[in-house]
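Every number for a ligand or one of its atoms is a count from 1 in the order of the listing. All values below were derived from every heavy atom in this structure, side-chain atoms included, with hydrogens, water molecules and symmetry-related copies excluded.
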Amino acid sequence: MTDEPAIDQEVQPVDADRAIYESMSRRTRRSFLAGGAALAVAAAGFELFNRGKPIGLLRRPLRAAEDFNGLVSEYVIGETRLAPTYPAESAIINPRTNGPFGMRDDLDLGSWRLQLSGLASPQTHPAYIDDVTSWKYSYLRSAKADGPEGKIAQPPSNMVGDNNKLSGAGSVMSSEPQLPSPLPSAPGVLLTMNDVQKMPFVEQTTEFKCIEGWSEITRFGGVRFRDFIAMYPPFRNRDGSLPRYAAMTSIDGAYFCGFEMASLMHPQTLLCFQMSGRDLTPGHGAPLRLAMPLKYGYKQIKQIARISYTNTKPEDYWASLGFDWHGGL
Ligand SMILES: Nc1nc2c(c(=O)[nH]1)N[C@H]1C(S)=C(S)[C@@H](COP(=O)(O)O)O[C@H]1N2
Ligand SMILES: [Mo]
């Protein structure tokens, strides 16, 4: 107990963030009321559970409860509080790797570009391209050994074991993803890691939680997604609002996540290229992944290749298998 790291409550908001922090404490109080309501719903619904038809991996009442939790997290809790932060020294040095889907451990990092679409005025950017999907990545191993370019990666053997422990998910986990969702062609920009690293560097030590039931204190380094949004502004709707969502896909499109814009604007959402003070390893999602300490690991997509802003709710890998689309803690 005593070597449990002290939670650092002294997160100092910069001025621009102050309004958010103030509304956070108000909203947190309100969320206790919502929590009470959720408990009542849970108690009443428990009996119905076994009668429900399965939807994806979850039975219907559980699915409904997940949707309800999603609403609570979206409108009441999720985007307005801060995850606790810890001293950098309390972070684990070699975090475990988990989740190999849609990844290529043989990606030639020099060939990596971020395909970014749904921008306000992409033509003004020097890296403008008519169709971001025309970019071809290259791989270090020969095409002969690995099959054609873009083939779904076979999980490297050191990354497989953990996934099979996800209860009830064994048959799904061992097969290829069912809903590969490569995003359609679109104009946009192709960014390099240098472009990403031009924004202010931030380090953040937070608890990383996987829905399988393990967690680790992890030190992430990267740039705030909200800075990235400011640097490469999304299109605006007629009423001036930002697009509702961003869709992201991993290198071969086989792992994909959707996010509310509010989640991406959260000050702890990072586009991340370091863990434990070192460059990301392939298993952890080199060169670029998300860190979102208010969401479960499955929303923290690794080896991002594509980000697209949209008003259409994006497909999500684990949501398509029955888990909550929001993945909030
Ligand atoms: N591309 C991709 N990203 C992914 C996954 C995956 O299978 N493929 N798994 C997710 C899950 S379930 C977890 S718990 C975390 C694990 O991150 P880590 O390997 O850095 O611990 O990655 C997430 N991001
Ligand atoms: Mo996970």
**Request:** Return yes or no for this condition: an N or O of W214 is under 3.5 Å from an N or O of ligand 1.
**Result:** no
**Request:** For Q300, take its heavy atoms, then give the atoms of ligand 1 lying under 4.0 Å from any of them.
**Result:** 22 (O), 23 (C), 24 (N)
**Ligand-side contact atoms (ligand 1) for residue partner G283, heavy atom cut-off under 4.0 Å** = 19 (O)
**Request:** With sequence neighbours left out, write down each residue that passes ring-ring contact (aromatic ring centres under 6.0 Å, His included) with F228, or none if nothing qualifies.
**Result:** F225, Y232
**Prompt:** Do we get R104 above Y137's six-membered ring, with its NZ or CZ under 6.0 Å from the centre and within 45° of the axis?
**Reply:** no
**Prompt:** Mind checking whether N98 has an N or O less than 3.5 Å away from an N or O of ligand 1?
**Reply:** yes
**Item:** Which atom of T133 lies closest to which atom of L183, heavy atoms considered
**Value:** CG2-O, 3.9 Å
**Request:** Answer with yes or no whether Q303 contacts ligand 1, where contact means a heavy atom under 4.0 Å from a ligand atom.
**Result:** no
**Message:** Counting only nitrogen or oxygen atoms and a 3.5 angstrom limit, does M275 reach ligand 1?
**Reply:** no
**Message:** If the contact criterion is a heavy-atom separation under 4.0 Å, does P100 count as touching ligand 1?
**Reply:** yes
**Fill in**
Within the 4.0 Å heavy-atom cut-off, what M103 brings close to ligand 1 is side chain
**Asked** Which part of F208 is near ligand 1, with near meaning a heavy atom under 4.0 Å away: side chain, backbone, both or neither?
**Response** side chain
**Request:** Could you tell me whether W318 and ligand 1 have an N or O pair separated by under 3.5 Å?
**Result:** no
**Message:** Please check whether S250 reaches ligand 1 - meaning an N/O of the residue sits under 3.5 Å from an N/O of the ligand, judged on distance alone.
**Reply:** no
**Asked** Which part of R96 is near ligand 1, with near meaning a heavy atom under 4.0 Å away: side chain, backbone, both or neither?
**Response** backbone
**Asked** Cationic tip of K299 within the cone over F259's six-membered ring, i.e. under 6.0 Å and within 45° of the normal?
**Response** yes
**Message:** Using a 4.0 Å cut-off to any heavy atom of R289, which atoms of ligand 1 qualify?
**Reply:** 17 (O), 18 (P), 20 (O)
**Asked** Does the K302 side chain pair with the main chain of S250, one donor and one acceptor, at a distance under 3.5 Å?
**Response** no
**Prompt:** Any chain of hydrophobic side-chain contacts (each under 4.5 Å) joining M261 to F256?
**Reply:** yes
**Prompt:** What atoms in ligand 1 come closer than 4.0 Å to a heavy atom of C210?
**Reply:** 14 (S)
**Request:** May I ask you to check whether T97 has an N/O atom sitting below 3.5 Å from an N/O atom of ligand 1?
**Result:** no
**Request:** Report yes if some N/O of Y298 lies less than 3.5 Å from some N/O of ligand 1; otherwise report no.
**Result:** no
**Message:** Run the side-chain contact (heavy atoms from CB on, under 4.5 Å) test on W135 and I129 for me, step by step, so that the C-alpha distance in whole Å, both residues' side-chain angles and the decisive distance to 0.1 Å come before the verdict.
**Reply:** CA-CA 9 Å; W135 182 255; I129 185 165; 5.7 Å; no
**N237 side chain vs G240 backbone, donor-acceptor pair below 3.5 Å** = no
**Asked** Are a donor atom and an acceptor atom from the side chains of Y309 and N311 found within less than 3.5 Å of each other?
**Response** no
**Asked** So is there a nitrogen or oxygen of F101 less than 3.5 Å from a nitrogen or oxygen in ligand 1?
**Response** yes
**Prompt:** How about I92 and I217: do any of their side-chain heavy atoms sit closer than 4.5 Å?
**Reply:** no
**Message:** Is the ring pair F101/Y255 parallel, tilted or perpendicular, if the boundaries are 30 and 60 degrees?
**Reply:** parallel
